[in-house]
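Below: one structure, written as structure tokens.
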Amino acid sequence: LILDLLLVRGVKMLVRRRTPVQNRSDILSAFFVERYSFPSGHASRAGMCARFFLTQLADTASMRVLVVSWAVLVSLSRLLLARHYVTDVGFGLAMGYCQYSVVERFWVTWDCLHDLLFIQLRESLDQAYDRLWMVDWKH
């Protein structure tokens, strides 16, 4: 999610597309100073989390439908609230979907993490054990 926050902020600063006109005089715009709309951060995070859930957790068809529906509803809410244009939301979804590919490359499963830690611990214990028997006992 930190990766997404940084990338969305960077793209917003590069593109600098203003929010829809009907959104600029809204009472909420006085509290939230987000001036730029491209891409939609809500849609990108929804896309990335949906792909994560589909890959890691959703094992039944009903769960998959629920996850995809959630991402679609989050994206539609941005349009219905007039916070973003359609292209903002579409690019945000695509951006989040692609960001998960980066996350997936660095993803470590619990089993793999357990094995890595066990191997490291075993090597450390072996080295300590070897050093213990290499001590010159002169007493």
Side-chain angles (χ1 to χ4, degrees):
L1 293 174
I2 293 171
L3 170 71
D4 181 70
L5 289 170
L6 294 173
L7 288 175
V8 166
R9 175 63 54 199
V11 173
K12 281 186 179 193
M13 290 297 118
L14 284 173
V15 175
R16 295 180 184 246
R17 179 193 238 177
R18 299 286 293 175
T19 58
V21 176
Q22 60 268 42
N23 186 20
R24 292 186 192 146
S25 63
D26 191 3
I27 187 72
L28 292 175
S29 64
F31 297 109
F32 304 109
V33 292
E34 188 67 49
R35 295 186 317 234
Y36 304 123
S37 68
F38 184 86
S40 169
H42 284 81
S44 68
R45 283 182 283 285
M48 184 170 58
C49 289
R51 187 162 173 212
F52 170 79
F53 291 140
L54 289 172
T55 304
Q56 299 294 328
L57 302 172
D59 54 352
T60 63
S62 59
M63 281 298 291
R64 286 188 169 97
V65 168
L66 185 65
V67 167
V68 170
S69 299
W70 169 77
V72 168
L73 288 174
V74 167
S75 300
L76 284 176
S77 74
R78 307 314 295 162
L79 296 172
L80 294 174
L81 290 171
R83 299 281 181 222
H84 294 282
Y85 298 103
V86 174
T87 52
D88 301 343
V89 172
F91 187 82
L93 278 170
M95 188 172 154
Y97 186 85
C98 293
Q99 282 176 12
Y100 182 74
S101 298
V102 173
V103 172
E104 194 172 36
R105 286 197 183 268
F106 298 106
W107 184 257
V108 178
T109 63
W110 285 110
D111 293 335
C112 182
L113 183 62
H114 179 266
D115 292 343
L116 289 173
L117 290 175
F118 182 72
I119 289 169
Q120 182 65 36
L121 179 64
R122 187 173 182 187
E123 287 175 1
S124 297
L125 289 174
D126 286 345
Q127 287 176 358
Y129 183 73
D130 289 343
R131 275 189 246 134
L132 179 66
W133 291 107
M134 295 175 85
V135 173
D136 189 18
W137 300 95
K138 294 184 180 183
H139 299 297

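As a basis for the values below, the full set of heavy atoms in this structure was taken, side chains included, without hydrogen atoms, waters or symmetry mates. Predicted, not measured: the structure shown is a model, and the values here were computed from it.
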**Complete:** So the side-chain hydrogen bond (donor to acceptor under 3.5 Å, both in side chains) pairs with at least one residue in residues 61-73 (sequence neighbours excluded) are Thr60-Ser62
**Request:** May I ask whether Met63 and Val72 are part of the same hydrophobic cluster, defined by side-chain heavy atoms of I, L, V, M, F, W, Y residues being less than 4.5 angstrom apart, directly or through others?
**Result:** no
**Asked** According to a 4.5 Å side-chain heavy-atom criterion applied to Ile, Leu, Val, Met, Phe, Trp and Tyr, with indirect links allowed, do Val86 and Val74 form part of one hydrophobic cluster?
**Response** no
**Asked** Side-chain heavy atoms under 4.5 angstrom apart, residues restricted to Ile, Leu, Val, Met, Phe, Trp, Tyr: same cluster for Leu6 and Leu14?
**Response** no
**Request:** Determine whether Phe91 and Val102 fall in the same hydrophobic cluster, where Ile, Leu, Val, Met, Phe, Trp and Tyr are linked whenever their side-chain heavy atoms lie under 4.5 Å apart.
**Result:** yes
**Asked** When rounded to the nearest 0.5 angstrom, what distance separates OG in Ser101 from CD in Glu104?
**Response** 6.5 Å
Identify all side-chain donor-acceptor contacts of residues 93-100 below 3.5 Å with residues at least two apart in sequence or on another chain.
| unit_1 | atom_1 | unit_2 | atom_2 | d |
| --- | --- | --- | --- | --- |
| Gln99 | NE2 | Asp4 | OD1 | 3.1 |
| Tyr100 | OH | Gln56 | NE2 | 3.2 |

**Prompt:** With hydrophobic residues grouped by side-chain heavy-atom distances under 4.5 Å, do Val67 and Phe52 end up in a single group?
**Reply:** yes
**Message:** Looking at every non-hydrogen atom in both residues, tell me the closest pair between Phe38 and Asp88 and how far apart they are.
**Reply:** CD1-OD1, 3.1 Å
**Request:** Look up atom CZ in Arg51 and atom CG in Leu54, then write down how far apart they are to the nearest 0.5 Å.
**Result:** 9.5 Å
**Asked** Once you round to the nearest 0.5 Å, how far does CG of Leu7 lie from CD1 of Ile2?
**Response** 12.0 Å
**Prompt:** If you measure from CG on Leu80 to OG on Ser75, what distance do you get to the nearest 0.5 Å?
**Reply:** 11.0 Å
**Asked** Looking at Ala71 and Ala46, what are the two nearest heavy atoms and their distance?
**Response** CB-O, 3.9 Å
